[in-house]
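Working notes, beginning with the structure itself.
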Amino acid sequence: MTDRGSLLAQPLTRPSLGRIAAHLGLFLLGVVVGGAGALVQGGWFPAGLLLGLAGAAGLFLGGARATGGRAGAVSPAAGWLVAVVLLTASRPEGDFVFAAGIGSYLFLLGGMAVAVICATLGAGRQPSGSSVRLGK
């Protein structure tokens, strides 16, 4: 085994096709969870809000654990944010998904807070090898 040194000193490499597909899939799942949460939080106010935020938290944290890095939480969070921002815009006919109420604001701000918390809690990549001295 060769000693490659610090992980930060290694050249950047292109991610594998599987990793790109995983992050694209997580992004699309974030869009779906954002849209479903937007509908559920308005339909069943207290329980729907908690269900929408819990679903988002599960997806964000699960993505981080599945990919083994913080980017796994950022990909679905970006999809969630895109879906929610597109659903907040009103249409020319006057239709919109989010009503002007406390539940909508709690869903928007709570979802962003959950995304930041899950991206922070997600384990970052740690170098491996015999020359690594983590926790000493």
Side-chain angles (χ1 to χ4, degrees):
M1 179 168 164
T2 62
D3 185 22
R4 298 182 63 188
S6 171
L7 185 65
L8 295 175
Q10 300 302 316
L12 292 176
T13 58
R14 177 169 286 160
S16 68
L17 202 55
R19 192 165 202 63
I20 292 171
H23 285 286
L24 183 62
L26 286 170
F27 180 84
L28 294 175
L29 277 174
V31 170
V32 170
V33 168
L39 297 174
V40 168
Q41 65 88 23
W44 307 319
F45 171 61
L49 176 65
L50 294 175
L51 182 65
L53 291 176
L59 177 62
F60 301 158
L61 197 56
R65 298 280 166 97
T67 60
R70 290 185 177 109
V74 174
S75 296
W80 183 91
L81 188 64
V82 165
V84 169
V85 166
L86 289 177
L87 290 174
T88 58
S90 63
R91 297 177 34 155
E93 297 86 15
D95 298 337
F96 55 90
V97 174
F98 289 102
I102 189 73
S104 299
Y105 293 118
L106 285 175
F107 180 71
L108 294 171
L109 297 175
M112 287 185 243
V114 164
V116 169
I117 290 169
C118 290
T120 304
L121 288 178
R125 289 189 184 176
Q126 297 293 328
S128 61
S130 60
S131 62
V132 176
R133 296 184 47 143
L134 296 177
K136 293 183 182 179

Task: Pairs where residues 104-114 contributes a residue and the test side-chain hydrogen bond (donor to acceptor under 3.5 Å, both in side chains) is met, not counting sequence neighbours - done: none
Open item on the list: Would you compute the distance between atom CG of Leu49 and atom CG of Leu53 and round it to the nearest 0.5 angstrom?
Closed with: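 Leu49 atom CG to Leu53 atom CG measures 5.0 Å (nearest 0.5 Å).
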Open item on the list: To the closest 0.5 Å, what do you measure between CG (Leu26) and CG (Leu59)?
Closed with: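 The CG atom of Leu59 is 6.5 Å from CG of Leu26, to the nearest 0.5 Å.
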Open item on the list: Taking transitive links into account, so neighbours of neighbours count too, which hydrophobic residues share a cluster with Leu28 at under 4.5 Å side-chain distance?
Closed with: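 Members alongside Leu28: Phe27, Val31, Val82, Leu86.
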Heavy atoms only: give me the nearest [X]-[Y] pair and the separation to one decimal.
X	Y	answer
Thr67	Arg19	O-NH2, 3.3 Å
Thr120	Arg70	O-NE, 3.8 Å
Gly111	Trp80	CA-CH2, 3.4 Å
Ala119	Val74	CB-CG2, 4.3 Å

Open item on the list: Please check if the number of heavy atoms outside Leu109 that lie under 6.0 Å from its CG is greater than 12.
Closed with: yes
Open item on the list: Applying a strict under-4.5 Å side-chain criterion to I, L, V, M, F, W and Y, I'd like to know whether Leu108 and Leu39 cluster together.
Closed with: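 Linked, Leu108 and Leu39 end up in one cluster.
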Task: Connected via hydrophobic side-chain network under 4.5 Å: Leu106 and Val84 - done: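 Leu106 clusters together with Val84.
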Identify, with sequence neighbours excluded, every residue that meets side chain to side chain contact (heavy atoms under 4.5 Å, CB included) alongside [X].
X	answer
Leu12	none
Leu50	none
Ala38	Leu87, Val97, Phe98, Phe107
Val114	Ala57, Phe60, Cys118

TODO: Kindly say whether Gly72 contributes a backbone atom to a donor-acceptor pair with the side chain of Ser75 at under 3.5 angstrom?
DONE: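 No, the answer is negative, given that no donor and acceptor are paired below the 3.5 Å cut-off.
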